[in-house]
Amino acid sequence: MTRGVRLGKPWTPLTPEAAAAVGGHLGVYELADVDGGVVRVGYAGGASRFGLRGVLADHAARGDAAAFRYEVTTSYLSRYRELLMVHLADHGRLPDGNADEPGRVGRLRPL
């Protein structure tokens with residue numbers, strides 16, 4: 001069985017309570033607007049305070065998005081770049097929340 005490259009988990013409303021329920025793991029996440037459109041792809045790495053829980057709690061406190069989904073992985077940088085490439089392939093541009101990030105995003109043709 002092969003795993004798709006897109007995050008296929010259902011969206012969870014981005015509230016302080018929902019963020020607090022996420023473990024302090026390393027991983028990647030997507031934030032969405034009220035229509036389910038991805039507005040940011042991000043990661044919680046080794047320098048992230050409290051891992052995914054902390055990063056998502058910060059986004060919830062700022063009101064950055066309506067919903068989130070995440071994936072626990074120690075290969076968070078590779079997976080982060082992969083998710084950016086998938087978004088670029090699907091939409092022709094990066095999410096608005098990633099538009100000003102430095103670095104080159106490669107090209108990918110997901111199935």
Side-chain angles (χ1 to χ4, degrees):
M1 182 169 123
T2 60
R3 162 177 87 84
V5 294
R6 292 171 182 83
L7 270 179
K9 294 182 177 185
W11 293 106
T12 299
L14 182 58
T15 63
E17 297 79 18
V22 175
H25 306 286
L26 303 176
V28 295
Y29 62 90
E30 291 179 333
L31 300 179
D33 59 20
V34 294
D35 298 321
V38 175
V39 295
R40 180 172 186 75
V41 175
Y43 66 88
S48 300
R49 189 169 162 236
F50 305 118
L52 285 165
R53 178 185 330 141
V55 172
L56 292 170
D58 290 345
H59 285 296
R62 288 192 303 264
D64 290 345
F68 73 97
R69 56 187 173 193
Y70 69 95
E71 179 180 294
V72 173
T73 178
T74 56
S75 300
Y76 55 88
L77 281 177
S78 296
R79 185 68 172 123
Y80 164 73
R81 289 183 185 118
E82 182 178 61
L83 290 173
L84 286 177
M85 287 187 282
V86 168
H87 193 278
L88 183 61
D90 288 349
H91 302 283
R93 63 180 180 80
L94 293 175
D96 291 341
N98 296 98
D100 64 344
E101 292 189 22
R104 197 176 106 197
V105 176
R107 296 288 178 173
L108 180 70
R109 286 193 200 149
L111 299 176

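Numbers for residues simply follow the sequence, beginning at 1. Since we're looking at a predicted model, the values are computed, not measured.
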At what distance, to the nearest 0.5 angstrom, does CG of Asp58 lie from CZ of Phe50?
->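 One gets 10.0 Å once the value is rounded to the nearest 0.5 Å.
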Roughly how far apart are Tyr76 OH and Arg81 CZ, rounded to 0.5 Å?
->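 Answer for the OH-CZ pair, Tyr76 versus Arg81, is 10.0 Å.
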ILVMFWY cluster, Tyr80 and Leu7 together (side-chain gap under 4.5 Å) |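 Yes, because Tyr80 and Leu7 connect within a single hydrophobic cluster, where side-chain heavy atoms sit under 4.5 Å apart.
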May I ask whether Leu77 and Val72 are part of the same hydrophobic cluster, defined by side-chain heavy atoms of I, L, V, M, F, W, Y residues being less than 4.5 angstrom apart, directly or through others?
->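 Different clusters.
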Under the side-chain contact (heavy atoms from CB on, under 4.5 Å) rule, collect the residues that match up with Leu88, sequence neighbours excluded.
->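 Per chain and number, Leu88 pairs via side-chain contact (heavy atoms from CB on, under 4.5 Å) with Leu94, Val105, Arg107.
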Keeping the roles fixed (side chain from Arg79, backbone from Val5), state whether a donor-acceptor pair exists under 3.5 Å.
->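 Looks like yes, one N/O pair under 3.5 Å.
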Partner set under side chain to side chain donor-acceptor pair (under 3.5 Å) for Arg53, not counting sequence neighbours |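 Scan of Arg53 (side chain to side chain donor-acceptor pair (under 3.5 Å), adjacent residues dropped) gives none.
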What residues, two or more places apart in sequence or in another chain, satisfy side chain to side chain donor-acceptor pair (under 3.5 Å) together with Asp96?
->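 Residues passing side chain to side chain donor-acceptor pair (under 3.5 Å) with Asp96: Arg93.
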If we only count heavy atoms from C-beta on, is the Arg6 to Asp90 side-chain gap below 4.5 Å?
->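 The answer is yes; the side chains approach within 4.5 Å.
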Is any side-chain heavy atom of His87 closer than 4.5 Å to a side-chain heavy atom of Leu83?
->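 Contact flag for His87/Leu83 side chains = no.
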Please tabulate, one pair per line, all N/O donor-acceptor pairs under 3.5 Å involving side-chain atoms of residues 8-31, not counting sequence neighbours.
{"unit_1": "Lys9", "atom_1": "NZ", "unit_2": "Tyr70", "atom_2": "O", "d": "2.9"}
{"unit_1": "Thr15", "atom_1": "OG1", "unit_2": "Ala18", "atom_2": "N", "d": "3.0"}
{"unit_1": "Tyr29", "atom_1": "OH", "unit_2": "His59", "atom_2": "NE2", "d": "2.8"}
{"unit_1": "Glu30", "atom_1": "OE1", "unit_2": "Arg69", "atom_2": "NE", "d": "2.8"}
{"unit_1": "Glu30", "atom_1": "OE1", "unit_2": "Arg69", "atom_2": "NH2", "d": "3.0"}

Could you pull out every donor-acceptor pair under 3.5 Å between side chains of residues 34-44 and any protein atom, sequence neighbours left out?
{"unit_1": "Arg40", "atom_1": "NH1", "unit_2": "Gly97", "atom_2": "O", "d": "2.2"}
{"unit_1": "Arg40", "atom_1": "NH1", "unit_2": "Glu101", "atom_2": "OE2", "d": "3.3"}
{"unit_1": "Arg40", "atom_1": "NH2", "unit_2": "Glu101", "atom_2": "OE2", "d": "3.2"}

